[in-house]
Amino acid sequence: MIVSPKIRGFICTTSHPDGCAANVQEQINFVKAQPKIENGPKNVLVIGASAGYGLASRIVPAFGSGANTLGIFFEKPGSEKRPGSAGWYNTAAFEKAATADGLVAKSLNGDAFSHELKQQALDIIKNEMGGKVDLVVYSLASPRRTDPDTGEVFKSVLKTTGGDYTNKTLNTDKGEITEVTIGAASQEEIDDTVKVMGGADWELWINALADAGALADGVKTVAYSYIGPELTWPIYTDGTIGMAKKDCERACSAINAKLAETLGGAAYVSVNKALVTQASSAIPVVPLYISILYKEMKAKGIHEGCIEQIQRLMADRLYSEDLQLDDTGRIRVDDWEMRDDIQASIAESWQNISNDNFNQLADFEGYQADFLKLFGFGLDGVDYTADTDPTTAPASLS
Ligand code: NAD
């Protein structure tokens with residue numbers, strides 16, 4: 001099958017198996033070119049492991065410290081008629097490379113929020129990974145969650161928690177700046193977003209693993225968050241999603257207390273940089289901010305993608321002597337994004353940006369290239385005019 005991009009708003013409905021493999025290989029090559037992570041993890045569970053930050057969180061321990069990994073995700077397999085989703089092909093490529101290096105690489109495709117999937121994960125850890133994990137990365141980004149006990153479905157919304165908020169935004173289809181007004185969420189919508197993207201499911205995972213004796217002594221767990229500059233606070237940090245992230249910090253304290261007491265372990269929230277992923281491209285205002293951010297960070301030579309961020313998180317923070325926690329105990333690998341000089345330039349560009357100077361002040365080309373890459377398009381060395389096999393699948397799920 002010849003596969004080309006079909007973009008609908010902020011989603012691409014096709015993915016290229018060979019392109020996704022090339023994208024994963026680029027990330028593996030990057031990690032292999034870095035020094036090994038001293039005392040890095042050896043048995044890792046990644047929840048949300050097929051794309052974005054979670055995929056990078058699987059690649060770094062595997063190829064940076066020789067870790068066996070179990071990856072959990074919700075992806076669509078391909079068929080003879082239709083390509084599957086990018087995360088499916090990313091995982092196929094990851095598993096192939098990891099097993100070629102002698103590592104255990106297992107995957108589960110299903111609903112991470114369910115009790116069933118947690119049980120399946122415990123079985124794999126017990127039977128195929130020596131019984132215990134020493135790192136659990138929680139990197140889910142989902143628009144909905146079915147409560148595993150009641151069956152009730154909760155949907156997250158991207159709204160403010162104050163009044164209406166109007167600001168510039170980017171129509172990523174047309175490359176046009178427009179204005180968007182985002183309305184305020186009701187209390188029910190805030191509560192529902194917290195149920196989906198908050199820390200409750202992270203706690204359920206850790207409790208299930210702890211109860212089954214599947215956590216190693218000194219285990220670490222980390223979940224990802226975002227803060228960003230004041231200009232995005234109404235839609236992010238002070239918005240519904242920000243309330244969910246606050247709940248992750250609540251969960252983090254509870255998990256940390258439990259792990260410290262029982263296993264000498266620790267839980268962290270890591271605040272990461274804003275990057276183009278399937279999850280972030282759905283947030284109004286943020287893609288315009290990211291396009292300007294890319295311009296400024298590339299100009300200063302400090303731009304990073306997911307793989308560079310997670311390499312730094314693991315090598316220079318989680319598995320180093322100095323976690324460099326902020327005053328509320330969070331890991332900050334958004335430190336370069338939040339540098340005063342970067343943010344001052346962005347604030348100025350944000351003020352002045354319009355359709356007339358968009359390409360001078362923002363790196364939309366970089367944004368678009370990263371967006372296409374998420375689905376395996378635009379990678380060097382891939383012949384997009386050649387047939388590719390849409391039934392490519394992760395070996396552990398075939
Ligand atoms: P992503 O969309 O690239 O990946 C989401 C992952 O979750 C995928 O592996 C997907 O398969 C999985 N998933 C979704 N629903 C699932 C379900 N029900 N069961 C099992 N798996 C499911 O997202 P991302 O941007 O990498 O986000 C990961 C985390 O990082 C989120 O907590 C996000 O808030 C945080 N973060 C993102 C950014 C950013 O700019 N992208 C910045 C800082 C923090």
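Atoms within a ligand are numbered from 1 in the order they appear, just like the ligands themselves. In this chain, residues are counted from 1 in sequence order.
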Within ligand 1, which atoms have a heavy atom of [X] less than 4.0 Å away?
X	result
Ala279	2 (O), 23 (O), 25 (O)
Lys245	31 (C), 32 (O), 33 (C), 34 (O)
Gly110	19 (N), 20 (C)
Gly52	3 (O), 26 (O)
Gln278	2 (O)

Would [X] count as being in polar contact with ligand 1, using the rule that some N or O on each side must be under 3.5 angstrom apart?
X	result
Asp111	yes
Phe74	yes
Ala274	no
Ala112	yes

Check whether the side chains of Tyr384 and Asp18 place a donor and an acceptor atom closer than 3.5 Å, and report yes or no.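 Side chains of Tyr384 and Asp18: no pair found under 3.5 Å.
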Distance only, no hydrogens: is a donor on one side chain within 3.5 Å (strictly under) of an acceptor on the other, for Thr13 and Arg8?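 Their side chains do not contain a donor-acceptor pair, so the 3.5 Å distance test is not met.
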Among all the protein's non-hydrogen atoms, which is closest to [atom], and how far away is it?
atom	answer
atom 26 (O) of ligand 1	Tyr53 N, 2.8 Å
atom 35 (C) of ligand 1	Tyr224 CB, 3.7 Å
atom 31 (C) of ligand 1	Leu140 O, 3.4 Å
atom 25 (O) of ligand 1	Thr277 OG1, 2.6 Å

Using ring centroids (six-membered ring only for Trp), state whether Tyr294 and His303 fall under 6.0 Å. yes
Mind checking whether Tyr236 contacts ligand 1 via backbone (N, CA, C, O), side chain (CB onward), both or neither, at a 4.0 Å heavy-atom cut-off?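 The side chain, only.
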Just going by heavy-atom distances, which of Ser139, Ala49, Ser50 is nearest to atom 8 (C) of ligand 1? Ser50
